[in-house]
Amino acid sequence: MRERPNRNEESHDDESRLGDPPGDGGPDEAARYLAGAVADLALIARRHGLDTLGYLLDMAQLEAEDIVRLRAARKGS
């Protein structure tokens, strides 16, 4: 099994890692994307009997959705 890379040793250059320059899309778009992605991961986890992981991913989805909702309310949308 491969060892996880040390976060301190990873490149901090978001552009080379993610393919997009830092700041594109903004935090609102990032939170919306993460809510959807985490929902998909939670579904996969539950399908495979990984109930605790599914639960934790559900909590992450709720957190992302709360961020989207609160940021929209602050902007008056």
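Only this structure's heavy atoms are used, side chains among them; waters, hydrogens and symmetry mates stay out. Counting begins at 1 with the first residue of the sequence.
The heavy-atom pair separating Gly54 from Ala42 by the smallest distance is O-CB, 3.8 Å. When all heavy atoms of Ala35 and Gln61 are compared, the closest pair comes out as O-CG, 3.6 Å.
Separation of atoms CG (Asp28) and CZ (Arg74) is listed at 10.0 Å; rounding is to 0.5 Å. With rounding to the nearest 0.5 Å, the separation of CG in Leu57 from OG1 in Thr52 is 11.0 Å. Glu65 CD to Leu70 CG: the interatomic distance, rounded to the nearest 0.5 Å, is 12.0 Å. Interatomic distance, Arg69 CZ to Asp66 CG, rounded to the nearest 0.5 Å: 4.5 Å.
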CA sep, side-chain torsions, deciding dist, call: Arg46, Asp58, side-chain contact (heavy atoms from CB on, under 4.5 Å): CA-CA 10 Å; Arg46 284 191 302 278; Asp58 284 339; 2.9 Å; yes

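Leu53 and Val38 end up in the same hydrophobic cluster when Ile, Leu, Val, Met, Phe, Trp and Tyr side chains are linked at under 4.5 Å. In terms of hydrophobic clustering, with Ile, Leu, Val, Met, Phe, Trp and Tyr side chains grouped at heavy-atom distances under 4.5 Å, Leu50 and Leu41 are assigned to a common cluster. If you chain together hydrophobic residues whose side chains sit under 4.5 Å apart, Tyr33 and Val68 never meet in one group.
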